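Comments concern the structure below.
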Amino acid sequence: MEEQVTNVVQQAAVYNLTGEQEKKEILRHYRALLRAIRYKFKKGDKELVRRAFEIAADAHKTMRRKSGEPYIIHPIAVAMICVEEIGLGVRSTICALLHDTVEDTDISLEDVEREFGNEIARIVDGLTKISNAIGSNSSQQAENFKKILLTLTDDPRVILIKLADRLHNMRTLDSMKREKQLKISSETVWVYAPLAHRMGLYNIKTELEDLSMKYMEPETYKDIAKKLAETRRERTRYINEFIRPVKDKLVKGNFNFDIYGRPKSIHSIWNKMKKKGVTFEEVYDLFAIRVILDSPTEKEKEDCWKVYSIITDEYTPSPERLRDWLSNPKSNGYEALHTTVMGPQGRWVEVQIRTRRMNEIAEKGLAAHYKYKEGSADEDRFDKWFGQIREVLATQDTDTVDFLQDFKISFLAEEIYVYTPKGDVKMLPVGSTALDFAFSIHSAVGTKCIGAKVNHKLVPISHKLRSGDQVEIITSNKQKPSEDWLNIVVTAKAKNKIKDALKEVKRAIADEGKYILQRKLEGIGAAFHATNIDILVNHYKLNSFLDLFYNIAIKANDLKDLKEFNVLGDKLEPPKPQRPVEVPHVDAIPSYSKKDSELIIFGESSDKIMYTLARCCNPIPGDDVFGFVSTGKGLIIHRTTCPNSPSLMANYSHRVVKTKWAKNKEISFLTGLKIIGMDDVGVVNKITTIISGDLKINISALTIESKEGLFEGTIKVFVHDKEELEELVARLKQLKGIHSVDRFDAE
Ligand code: MN
């Protein structure tokens, strides 16, 4: 599906007017594509690509993108990304050209198969299925993602072309409406960027993340981009100073190489700022140095280590920051040697060493090579990964949102390598515990696990493993899985197996409850049949017969109110429902300094609605916000920058509504500021003078802690809107000795 299709009739007139120029423009794009793919052509390929182009161009001829350009430009651009940025071949180019035809036009899958054969039809079918999954209005993204994965494991080219499609849509997102931009962007960071990462497409992953951030957090994005540009000159000077002595030695060592400094992505800088709570100026690794070697395959490893040795002769390495992905490539195929060394002026600098072949894989992903290099270790790794995904998909019956969460952790997260006592390597996601390891060996080992020996030391099952650990699992036949095991494991496989085991246990206990219920029902003259049990399940607000039987067995439901039921014949009649108690949601309502709120939030329909402000991000007027329709609490207003927002938008986009602040000076909102500065007599006085004296803002709480000449203060104030808050922050920053003033969201 293509999000950007627009009204055909409305545009038709414009199309006719500029028809000739547009035709030329389309051909120009197509010829550029041909030039890029030409050297891969075998006999007959050129004609096939042209045929695909003609079919697609004809099928889309009355369609336009939101930007107004002819639709066919999009599939050509997607094909171009496949060729140039992912390194895919002729078959994929044809599929990319056709990727939206079956979905959006009269072309059928049979047409595609007749023209291009079974292989291409299968891939186009996969792409169409993904579109259907994502386009469905109920927008259960998690369910859809599951479908994507099922298709993905069929042929990785499907997902690669889909990533190219998404990348082009993100690059051209400007012409979409704001809500659509937010929805597509959050879906992109949530699902597609991690997928790109997992497929080893680092450049595409980075671009997807940066583009998403550009729409989701436009101000921060612009701010960091500006600061990066402002500091470029200084950075270049530093990089040159760093590189010079290394370069000399590499030349002397007869290496063929490129060495350069590469700035990190805006998104990753932003992540670092958030994670470490530091400012842009304090992020030390704004760039990495990269050494790319021309090295014959058999000498690759040796050469990389030689370069490592040369660099660490010049600069002292940090022992904890050595990453050897030469001996143990990541499962997405990434190979390199990373180290962090102390550069000039006492600054830590990350250095990445790899060969040209490794660099190619790092940039275009291993999947481009997949299946074309038969029997290689690369192929093996991918097959293993796909195999694991298929296994989890096959056993999944849980909540799909949970599933997505589990999946992300299990398959898209960074990995650690651990060893069995015999020295076999196992790859597990970061954060895995001894219990995860046990389940990765076998579910029978997992369910009996009572502890482990990690590097010969005894540890509990919850022990978090680290790369390089050697793990021996200790089992006992007396062991039984329990509910809290679910909090100990992170892998989807372990979670599923534990849930299965718990269900078994529950079933055995429930049998007892079933017997008790049968006797009780017969005791009051009611039948023990599905209708009556169903009435009780509803009465106790449970989900299933099993839950009811189980609760009765463990005496969580004592059946005392069974007396109040009427029995008609053998059928139960539930007692009149009591009036539900109104539960005031006091904790979710923000503190107002004045009486009732007049704040109007406009949904699509401009109606006045009940709302509360999310406690996770405490929005104030002026913030970019969206509304989330909750069950029970009405509309909850979140900031678009809220840490929960990507997950909410991606998984429940049907519950997300557009919201806007109405201008209002009557109400004020509680928000927090964190101030760090030099400790100084009277600093508290100066701060409070500005807040309550000059700006007449009410302070709700103020704490100052000083330590070794520094102070850290947290202030909670009532402000009317973002502008007022920004003014306050600016004024505080002007105070002498103040280092930073930051808003924080916690209550
Ligand atoms: Mn498309």
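Since the model is a prediction, treat every value here as computed from it, not as a measurement. Each ligand, and each atom within it, is numbered from 1 in the order the structure gives.
None of the N, O or S atoms belonging to His168 lies under 2.8 Å away from the Mn ion (ligand 1).
The local environment of CZ in Arg356 is crowded, with over 12 non-hydrogen atoms from other residues, nucleotides or ligands closer than 6.0 Å.
Looking at Arg639, Lys214, Lys722 one by one, the single match for salt bridge (charged side-chain N to carboxylate O under 4.0 Å, His left out) with Glu219 turns out to be Lys722.
At the Mn ion (ligand 1), the vertex angle linking OD2 of Asp100 with NE2 of His74 is 100° (nearest 10 degrees). With the Mn ion (ligand 1) as the vertex, NE2 of His99 and OD1 of Asp165 span 90° to the nearest 10°.
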Verdict with reasoning, Glu207 to Arg171, per salt bridge (Lys or Arg N to Asp or Glu O under 4.0 Å): CA-CA 9 Å; Glu207 191 177 343; Arg171 283 176 180 169; 2.6 Å; yes
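Counting heavy atoms from C-beta outward, Ile224 and Lys227 have side chains that stay 4.5 Å or more apart.
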